[in-house]
**Student:** 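Shown below is the structure under consideration.
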There are 2 protein chains.
Amino acid sequence: MGRPPAKSPGKPLAGSLDRGLLPSLLGYGLRRTQSAVFADFAATFAHAGEALTPGEFGLLVLVERNAGLSQMALARALGIDRSTLVPILDRLQARDLLVRHRSPTDGRTHALALTPFGRKALARFGRLVRAHEKRILSGLSAAETRTLIELLEKVRVSARPL
Amino acid sequence: MGRPPAKSPGKPLAGSLDRGLLPSLLGYGLRRTQSAVFADFAATFAHAGEALTPGEFGLLVLVERNAGLSQMALARALGIDRSTLVPILDRLQARDLLVRHRSPTDGRTHALALTPFGRKALARFGRLVRAHEKRILSGLSAAETRTLIELLEKVRVSARPL
DNA sequence: GGAGATTGTTTGGGGATCAAACAAATTCAG
DNA sequence: CTGAATTTGTTTGATCCCCAAACAATCTCC
């Protein structure tokens, strides 16, 4: 069988693997960057003694800015199933960050809102997120940052609708 | 009960929610874009009657280009724990895409390799991935594509609390 | 009033992820 | 060479995310 010129057999060099075409793929770079950013987010919060995921932060911001919204509306905004949202809200509610009020106008829905404690916590979280963003963007100029966010949006609209 | 002609204060319009500062955050845009790209990837494969995740594709490419590597080396390259890799390889092996050979030089390790069927399948997968990449990048010029991948890499370098 | 739709929840089924414990094999110290 | 330490793959246990289907409570519309 036509074998390429013999390489050192057995042990591939630690750390440096042949990634083939992967580095040229946007999807690959996106996934790796996302993973690194997520890790930086987690580290930023852990260092401050807080615990929160990017998804939870986004959810809290949405609830703060749209007080009284229903779980269905929130699930739709997050792009997840309404049944997926239930345990997430359970956890946030157990942490006293938000509450499910009964809607006075529609007995089926829950009106979501931050607790006073949740509002204070979110202000704290927001400061951590800004510090985190500042760090991951420290290698980019303001113009590059704008370009990056803009290009990501362009990609998003070209991808198939969910 | 007459239905109110105007919007009552509780109901935000479907789809348009106040996202506050989220759209200005790179992490948020990254997460949403990643999600859309993932959905497009899945749709592309489903449309062709194939089933594969981006992670599985990356894994198969790594094994193809580095035949004989161990599970530890692969896990390290993927940035996941070696115990996480086990069920993933089980599934791929059950689909006859790859095999765990016994290493002749080190009885502890498994030498991973694609099966002949796996190589043929990966060639097919590669064509689907290129079509998928072409679509998600259809809104960008070649220069913009290069810029995007380059900026993502810059971010990855800055986000390194690992 | 009653049929049909909506909402939140529960249950069941996939997976992804890590940590800890283990057996088998290798490497290393003495 | 022999026993201790390390490495590798696996199993188990714990969270977590995701969806689909079924269900009761509630609302809407005819």
Side-chain angles (χ1 to χ4, degrees), chain A residues 10-12 14 31 34-36 38-39 41-43 46 51-59 68-95 98-112 162, chain B residues 1-4 8 10-12 14 31-32 34-36 38-39 41-43 46 51-59 68-95 98-112 162:
Chain A
K11 295 252 187 179
R31 223 149 45 79
Q34 153 86 354
S35 169
F38 187 100
F41 186 103
L52 203 75
T53 66
E56 289 169 340
F57 177 73
L59 188 156
L69 89 171
S70 69
Q71 296 185 194
M72 261 310 283
L74 180 56
R76 225 175 298 125
L78 294 173
I80 62 177
D81 194 88
R82 65 189 195 278
S83 64
T84 303
L85 189 55
V86 173
I88 298 174
L89 292 179
D90 287 347
R91 190 158 17 93
L92 262 18
Q93 191 164 23
R95 288 174 63 178
L98 58 76
V99 275
R100 290 184 248 220
H101 288 302
R102 282 196 49 241
S103 166
T105 68
D106 189 335
R108 295 168 300 181
T109 70
H110 287 164
L112 301 174
L162 305 173
Chain B
M1 312 276 285
R3 58 176 211 286
S8 46
K11 295 248 189 182
R31 224 149 43 81
R32 296 191 68 200
Q34 152 88 353
S35 168
F38 187 101
F41 187 103
L52 203 75
T53 65
E56 289 168 340
F57 177 74
L59 188 156
L69 88 172
S70 70
Q71 296 184 196
M72 262 310 285
L74 181 55
R76 224 175 299 124
L78 294 173
I80 63 177
D81 194 89
R82 65 189 196 278
S83 66
T84 303
L85 189 55
V86 173
I88 299 175
L89 292 179
D90 286 347
R91 189 156 19 90
L92 262 17
Q93 191 163 23
R95 287 174 65 178
L98 58 75
V99 276
R100 290 186 246 220
H101 288 302
R102 282 196 49 240
S103 165
T105 67
D106 189 334
R108 295 168 299 180
T109 70
H110 288 165
L112 301 174
L162 297 177

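Protein chains get the first letters and strands the later ones, always in sequence-line order, with residue 1 at the start of each.
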**Student:** Whole angstroms only, please: what is the CZ-P distance between A:Phe38 and D:dC17?
**Tutor:**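 In whole Å, D:dC17 P lies 9 Å from A:Phe38 CZ.
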**Student:** Would you be so kind as to tabulate the donor-acceptor pairs closer than 3.5 Å made by side chains of residues 85-94 of chain B, with sequence neighbours excluded?
**Tutor:**
{"unit_1": "B:Asp90", "atom_1": "OD1", "unit_2": "B:Arg100", "atom_2": "NH2", "d": "2.1"}
{"unit_1": "B:Arg91", "atom_1": "NH1", "unit_2": "B:Glu56", "atom_2": "OE2", "d": "2.3"}
{"unit_1": "B:Gln93", "atom_1": "OE1", "unit_2": "B:Arg100", "atom_2": "NE", "d": "2.9"}
{"unit_1": "B:Gln93", "atom_1": "OE1", "unit_2": "B:Arg100", "atom_2": "NH2", "d": "3.4"}

**Student:** List the protein contact pattern of nucleotides 20-25 of chain C with one symbol per nucleotide (5' to 3'): B for base contact, S for sugar-phosphate-only contact, - for none; contact means a heavy-atom distance under 4.0 Å.
**Tutor:** BB---B
**Student:** Taking side chain to side chain contact (heavy atoms under 4.5 Å, CB included) as the definition, give me every residue that meets it alongside A:Ala111, ordered by chain and number, with sequence neighbours left out.
**Tutor:**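 Side chain to side chain contact (heavy atoms under 4.5 Å, CB included) list for A:Ala111, sorted by chain: A:His101.
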**Student:** Quick check: closest heavy atoms across B:Phe38 and B:Pro54, and the distance to 0.1 Å?
**Tutor:**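 For B:Phe38 and B:Pro54, the tightest heavy-atom pair comes out as CE1-CD, 3.5 Å.
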**Student:** Expressed in angstrom and rounded to an integer, what is the separation of B:Leu89 atom CG from C:dG15 atom C1'?
**Tutor:**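 Taking CG of B:Leu89 and C1' of C:dG15, I get 15 Å after rounding.
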**Student:** Using only side-chain N and O atoms of B:Arg102, determine if any of them is under 4.0 Å from OP1 or OP2 of D:dG9.
**Tutor:**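 For B:Arg102, the contact criterion (side-chain N or O under 4.0 Å from OP1 or OP2 of D:dG9) is not met.
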**Student:** Whole angstrom is fine here: how far is it from CG in B:Leu92 over to C1' in D:dG9?
**Tutor:**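 Distance check: B:Leu92 CG to D:dG9 C1' gives 17 Å.
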**Student:** Which whole-number value in Å describes the distance from B:Gln34 CD to D:dC17 P?
**Tutor:**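 Value for this atom pair: 16 Å.
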**Student:** When we call it a touch if two heavy atoms are under 4.0 Å apart, what does B:Thr109 touch: a base, just sugar-phosphate, or nothing?
**Tutor:**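 Sugar-phosphate, no base atom in range.
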**Student:** CZ/B:Arg76 to CG/B:Leu69 distance, rounded to the nearest 0.5 angstrom?
**Tutor:**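 Atom-to-atom, B:Arg76:CZ and B:Leu69:CG are 10.0 Å apart.
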**Student:** Mind calculating the distance between CD (A:Gln93) and P (C:dG8) to the nearest angstrom?
**Tutor:**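 In whole Å, C:dG8 P lies 13 Å from A:Gln93 CD.
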**Student:** Output the rounded distance in Å from CG (A:Asp90) to P (C:dT11).
**Tutor:**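 One finds 12 Å between P of C:dT11 and CG of A:Asp90, rounded.
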**Student:** Quick one: label B:Leu85 by what it contacts on the DNA or RNA (base, sugar-phosphate, nothing), any heavy atom closer than 4.0 Å.
**Tutor:**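 No contact.
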**Student:** I need the CZ-C1' distance between A:Arg91 and D:dA14, as an integer number of Å.
**Tutor:**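 Answer to the nearest Å: 14 Å.
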**Student:** A:Gln71 CD to D:dT26 C1': how many Å, rounded?
**Tutor:**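 Computing the A:Gln71:CD to D:dT26:C1' distance gives 15 Å.
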**Student:** Looking at B:Thr109, B:Asp106, B:Leu112, which one forms a side chain to side chain contact (heavy atoms under 4.5 Å, CB included) with B:Ser70?
**Tutor:**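 Among B:Thr109, B:Asp106, B:Leu112, the one that satisfies the side chain to side chain contact (heavy atoms under 4.5 Å, CB included) with B:Ser70 is B:Thr109.
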**Student:** Compare every heavy atom of A:Arg82 with every heavy atom of A:Ala75, then report the nearest pair and how far apart it is.
**Tutor:**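 Result for this residue pair: CB-CA, 3.9 Å.
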**Student:** According to side chain to side chain donor-acceptor pair (under 3.5 Å), who are the partners of B:Ser103, at least two apart in sequence or on a separate chain?
**Tutor:**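 Residues passing side chain to side chain donor-acceptor pair (under 3.5 Å) with B:Ser103: B:Thr105.
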